[in-house]
Amino acid sequence: MSHKRHVDGPRHWLPSVLILVLAIAIHAIDSYRESVVIQGLRNAGHIPLFMALTLFGGWLLRFDLKKTAVTIVFVALLAEASQRLTGGEVDPRDLAADLVGLGLALLALKSWSAARLAGRLAAVSIILAGFLPAFGWMITWQERTAIAPCLVKFDHIFLNRIHYFMHADPVELTTDRVVLALQPSDFAGWRLIDPIHDWTEAEGLRLKFSVVPNTPVTVRIHDREHTHQSSDRYNRTWLDGRADVTIPLSEIRTAPKTRELSMDHISEIQIFVADPKPDTKLTVHAPCLAR
């Protein structure tokens with residue numbers, strides 16, 4: 001009479017190895033840090049990845065939650081430490097996102113094993129909640145592409161991730177225009193930190209802005225290779241504080257004194273007033289590429 005041999009310990013070692021490699025890779029491979037959107041999507045991806053790792057680990061360990069938690073914490077620490085091998089930096093925020101994914105998955109596993117219907121609905125809701133940050137960045141990416149050739153919608157809830165008000169408060173806000181009350185500061189205005197970056201097919205940049213009372217307004221544009229020196233970017237000041245122009249891309253490209261801007265990856269635009277007077281208001285219309 002033959003008997004099947006029972007093997008203790010983790011089952012399905014091959015998928016276990018593959019998912020461990022994936023966990024290490026998402027930490028160790030440096031992302032496209034020049035893009036706020038891609039970096040945000042990568043960071044948000046830690047949560048669903050470690051939810052999946054925890055759920056899979058719980059199944060392998062026969063839903064022993066304590067063993068599962070210890071195992072996944074070890075995987076998170078190993079994955080974060082692996083960045084040392086690739087020249088990356090250990091980022092506590094990545095580890096925190098990993099642990100959030102672990103905690104959500106453990107909570108989902110516990111809910112699933114509680115009341116049958118209510119517990120399972122709660123477990124599914126918890127898992128879906130872990131995907132929400134990644135979905136948000138995916139929508140940001142899609143919307144940023146969809147608005148081309150314009151670069152921003154001021155009132156779009158997801159595109160608010162890529163532009164900021166510098167020492168300024170919005171007084172009026174619509175899709176294509178914002179009025180800012182400037183605060184006393186060295187620089188006050190508007191900053192777009194992750195525009196649609198490839199301008200190679202465009203002919204110029206359409207800009208419209210004005211300030212009350214009249215005071216000089218500066219436009220600053222730089223690419224991903226920017227050295228944080230004024231001579232390594234596009235800088236132009238309108239002394240009368242207003243403009244309704246299309247700046248030729250050739251003018252932007254040749255602005256640096258020692259090189260040309262990389263028109264296939266423009267990474268930031270600023271429109272600002274230096275040392276604004278009290279009650280200064282700056283109106284900025286959405287910049288658009290002219291094709």
Side-chain angles (χ1 to χ4, degrees), residues 34-41 43-44 132-133 135-197 199 202 204-223 226 228 233-247 252 266-290:
E34 291 83 4
S35 171
V36 171
V37 178
I38 294 178
Q39 180 68 10
L41 181 58
N43 289 341
L132 288 179
F135 286 150
W137 283 108
M138 290 172 66
I139 294 172
T140 301
W141 177 268
Q142 189 275 331
E143 288 297 319
R144 191 187 64 167
T145 304
I147 63 175
C150 292
L151 304 181
V152 71
K153 287 183 178 180
F154 292 112
D155 61 352
H156 196 292
I157 187 171
F158 288 103
L159 292 179
N160 284 342
R161 299 164 180 262
I162 63 172
H163 75 94
Y164 298 93
F165 307 127
M166 305 184 299
H167 303 288
D169 300 310
V171 176
E172 298 179 26
L173 190 68
T174 64
T175 296
D176 58 0
R177 188 182 76 125
V178 63
V179 180
L180 299 173
L182 305 185
Q183 303 166 6
S185 174
D186 291 340
F187 304 99
W190 176 73
R191 180 186 184 200
L192 177 63
I193 59 173
D194 196 9
I196 298 168
H197 60 264
W199 294 10
L205 177 66
R206 180 75 177 172
L207 286 180
K208 184 177 180 181
F209 57 82
S210 61
V211 65
V212 178
N214 285 352
T215 187
V217 175
T218 299
V219 174
R220 165 181 166 177
I221 303 170
H222 66 74
D223 60 9
H226 183 226
H228 302 287
R233 58 179 177 250
Y234 175 88
N235 273 315
R236 179 177 170 183
T237 300
W238 278 260
L239 297 178
D240 61 355
R242 62 185 65 248
D244 187 355
V245 298
T246 298
I247 306 172
I252 298 173
I266 298 298
S267 58
E268 186 166 333
I269 301 173
Q270 292 184 18
I271 300 175
F272 62 88
V273 173
D275 193 21
K277 299 175 182 178
D279 300 321
T280 298
K281 288 185 171 59
L282 173 66
T283 300
V284 178
H285 295 255
C288 298
L289 295 175

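Heads up: numbering here begins at 1 and tracks the sequence. Predicted model only: the values in this text are computed from it and were never measured.
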Distance, nearest 0.5 Å, that separates [atom1] of [X] from [atom2] of [Y]:
X      : Y      : atom1 : atom2 : result
Ile162 : Glu143 : CD1   : CD    : 10.5 Å
Ile147 : Asp176 : CD1   : CG    : 11.0 Å
Thr215 : Leu182 : OG1   : CG    : 9.5 Å
His167 : Phe272 : NE2   : CZ    : 11.5 Å
Gln270 : Ile193 : CD    : CD1   : 10.5 Å
Asp155 : Thr175 : CG    : OG1   : 3.5 Å

Flag the pair [X] / [Y] as yes when at least one side-chain heavy-atom distance between them is below 4.5 Å, and no otherwise.
X      : Y      : answer
Val219 : Leu205 : no
His226 : Arg220 : yes
Ser267 : His197 : no
Asp244 : Arg206 : yes
Arg242 : Asn214 : yes

What's the verdict on ring-ring contact (aromatic ring centres under 6.0 Å, His included) for Trp190 and Phe209, showing C-alpha distance, side-chain angles and the deciding distance? CA-CA 11 Å; Trp190 176 73; Phe209 57 82; over 10 Å; no
With side chain to side chain contact (heavy atoms under 4.5 Å, CB included) as the criterion, how do Val37 and Trp137 come out once you've worked through the C-alpha distance, each side chain's angles and the decisive distance to 0.1 Å? CA-CA 6 Å; Val37 178; Trp137 283 108; 4.2 Å; yes
Would you please name every residue forming a side-chain hydrogen bond (donor to acceptor under 3.5 Å, both in side chains) with Asp275, sequence neighbours left out?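 So Asp275 forms no side-chain hydrogen bond (donor to acceptor under 3.5 Å, both in side chains) with any residue.
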Please test Leu41 against Thr140 for side chain to side chain contact (heavy atoms under 4.5 Å, CB included), starting from the C-alpha separation and ending with a verdict. CA-CA 9 Å; Leu41 181 58; Thr140 301; over 6 Å; no
Nearest heavy-atom neighbours spanning [X] and [Y]:
X      : Y      : value
Glu268 : Pro195 : N-CD, 4.1 Å
Ala168 : Gly189 : CB-O, 4.0 Å
Ile252 : Tyr234 : CA-CD1, 3.7 Å
Ala181 : Val171 : CB-CG2, 3.7 Å
Ala188 : Pro276 : CB-CG, 4.0 Å
Gly136 : Arg161 : CA-NH2, 3.8 Å

So, the side chain of Arg144 versus the backbone of Asp194: is there a donor-acceptor pair under 3.5 Å, distance only? yes
Check whether Thr237 reaches the backbone of Leu239 with its side chain - one donor and one acceptor, N or O, closer than 3.5 Å.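 Not at all, since once roles are kept as given, no pair shorter than 3.5 Å links the two residues.
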Are more than 12 heavy atoms, taken from residues, nucleotides or ligands other than [X], located less than 6.0 Å from that residue's [atom1] atom?
X      : atom1 : result
Met138 : CE    : no
Asp279 : CG    : no
Leu173 : CG    : yes

Distance-only donor-acceptor hits, side chain of residues 280-290, under 3.5 Å, sequence neighbours excluded:
residue: Thr280; atom: OG1; partner: Lys277; partner atom: N; Å: 3.3
residue: Thr280; atom: OG1; partner: Lys277; partner atom: O; Å: 2.6

Given Thr145 and Ile196, is the side chain to side chain contact (heavy atoms under 4.5 Å, CB included) satisfied, shown in steps? CA-CA 7 Å; Thr145 304; Ile196 298 168; 5.9 Å; no
Any chance the rings of His163 and Phe165 have centres within less than 6.0 Å?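 Close enough - the centres of the two rings lie under 6.0 Å apart.
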Please report the C-alpha distance between Ile271 and Trp238 in whole Å, then the side-chain angles of each, then the deciding distance to 0.1 Å, and finally whether the side chain to side chain contact (heavy atoms under 4.5 Å, CB included) criterion is met. CA-CA 11 Å; Ile271 300 175; Trp238 278 260; over 6 Å; no
